[in-house]
Amino acid sequence: MRVLVVKDEESLAEAIGAGLRRDAVTAETARDGREALAKLRLGGYDVLVLDRDLPGLHGDEVCRQVIGQRLLTRVLMLTSPGTVHHRPDAPGPGPGLGLGLGLGADDYLTKPFTHEELLARILALGRRPRPVPAPVIAHAGVTVDTARGLAARDGRPLALSHTELGVLEVLLRARGAVVSGDDLIEEVWEEHTSYRTNAVRVTLGTLRAKLGDPPLIETVPGAGYRMTGGPDGGDG
């Protein structure tokens, strides 16, 4: 099971992550909502442990975007004491919906909590079946049929290698968010790949050439790569 813990207090987030790893749960951390959404767009997380009281992008908005963008993860909200009861500004007609449940969160846990309770909630959510990703991803005229391993641009078939197809799929699923070279390596390449940074640059070069003009993959200096070219066509 793979879990993403989102909390702005880095030491506490790392402590939660370390505790989960001791119980054989693969746990990663994010310090704010925007970092969390970027990681989630790459996929692969079974459960999102989301602190509701995040600065900047509030936990409620992160949850709203997770549901709206159909990011395939279960959401466990961490909420402060005193917010269990219904508030006038909380969405929905009854108690508890102001904790993110009315936005689509799967469960909530009130702070402070024990490690055992957190682990039990995570394992319970992880046992629920996850939605199946849509087999076709589309953006700016580019389509990837993940079930058949086929790609096209504006109806023109693209003869992509397995690695090029994997990179394109990761960038498309990111929906315009920046994907780092390290994230591409983790998602697409085998662990034993030599000269992996150079492999990313070479693969991006051949992929861009095959996609043709106008360019759709932008290099963000010091950060990574992202898809451009207009509004996201969504999964279909």
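All heavy atoms count here, side chains included; hydrogens, waters and symmetry mates do not. If you're wondering where the values come from, they're calculated on a predicted model, not measured in any experiment.
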### Message
Apply side-chain contact (heavy atoms from CB on, under 4.5 Å) to residues Tyr45 and Leu71 and explain how you reach the verdict.
### Response
CA-CA 9 Å; Tyr45 293 100; Leu71 303 178; over 6 Å; no
Mind listing the side-chain donor-acceptor pairs of residues 154-162 below 3.5 Å, one per line with the distance, residues two or more places apart or on another chain?
residue	atom	partner	partner atom	Å
Arg156	NH1	Lys210	O	3.4
Arg156	NH2	Leu211	O	3.1
Ser161	OG	Glu164	N	3.1
Ser161	OG	Glu164	OE1	3.4

### Query
Would Arg128 and Asp106 pass as an ion pair if we require N to O under 4.0 Å?
yes
### Query
Which salt bridge (charged side-chain N to carboxylate O under 4.0 Å, His left out) pairs, counting each pair once, include a residue from residues 211-220, with sequence neighbours left out?
Glu218-Arg226
### Message
Within the structure provided, determine whether Val5 and Glu14 are in side-chain contact (heavy-atom separation under 4.5 Å).
### Response
no
### Task
Just do the side chain to side chain donor-acceptor pair (under 3.5 Å) check on Glu169 and Thr146 with the steps written out, would you?
CA-CA 8 Å; Glu169 180 179 344; Thr146 59; 5.1 Å; no
## Note on the structure
side chain to side chain donor-acceptor pair (under 3.5 Å) filter on Arg127, not counting sequence neighbours, yields none
### Query
Taking atom CZ of Arg31 as the centre, does the number of heavy atoms from other residues, nucleotides or ligands within less than 6.0 Å exceed 12?
no
### Task
Starting from the C-alpha separation in whole Å, work towards a yes-or-no answer on side-chain contact (heavy atoms from CB on, under 4.5 Å) for Thr26 and Val3.
CA-CA 6 Å; Thr26 300; Val3 175; over 6 Å; no
### Query
If we only count heavy atoms from C-beta on, is the Leu150 to Val144 side-chain gap below 4.5 Å?
no
### Message
salt bridge (charged side-chain N to carboxylate O under 4.0 Å, His left out) for Lys111 and Asp53? Distances and angles first, verdict last.
### Response
CA-CA 11 Å; Lys111 298 179 283 188; Asp53 302 315; 3.6 Å; yes
### Task
Can you sort out the partners of Ala38 under side-chain contact (heavy atoms from CB on, under 4.5 Å), two or more places apart, ordered by chain and number?
none
#### Entry: Remaining members of the apolar cluster that contains Val220, side-chain heavy atoms under 4.5 Å
Val178
### Message
Evaluate Arg121 against Asp107 for salt bridge (charged side-chain N to carboxylate O under 4.0 Å, His left out), listing each step before the verdict.
### Response
CA-CA 8 Å; Arg121 298 290 184 99; Asp107 197 1; 3.2 Å; yes
### Presence of salt bridge, Asp46 and Arg74, under 4.0 angstrom
no
### Sole candidate of Asp32, Leu12, Leu50 that passes side chain to side chain contact (heavy atoms under 4.5 Å, CB included) when paired with Lys7
Leu12
### Task
Please assess Val6 against Leu48 for the test side-chain contact (heavy atoms from CB on, under 4.5 Å), listing each intermediate value before the final yes or no.
CA-CA 8 Å; Val6 189; Leu48 169 65; 3.4 Å; yes
#### Entry: Intermediate values then yes/no, side chain to side chain donor-acceptor pair (under 3.5 Å), Thr219 and Arg208
CA-CA 11 Å; Thr219 298; Arg208 282 170 166 144; 2.6 Å; yes
### Message
Under 4.0 Å between a side-chain nitrogen and a carboxylate oxygen: does that hold for Glu28 and Arg2?
### Response
yes
### Message
For Arg153, I'd like to know if atom CZ has over 12 heavy atoms of other residues, nucleotides or ligands within 6.0 Å.
### Response
yes
Using residues 17-25 as the side-chain source, report each donor-acceptor pair under 3.5 Å to any protein atom, sequence neighbours left out, with the distance given to one decimal.
residue	atom	partner	partner atom	Å
Arg21	NH1	Ala27	O	2.6
Asp23	OD2	His115	NE2	2.6

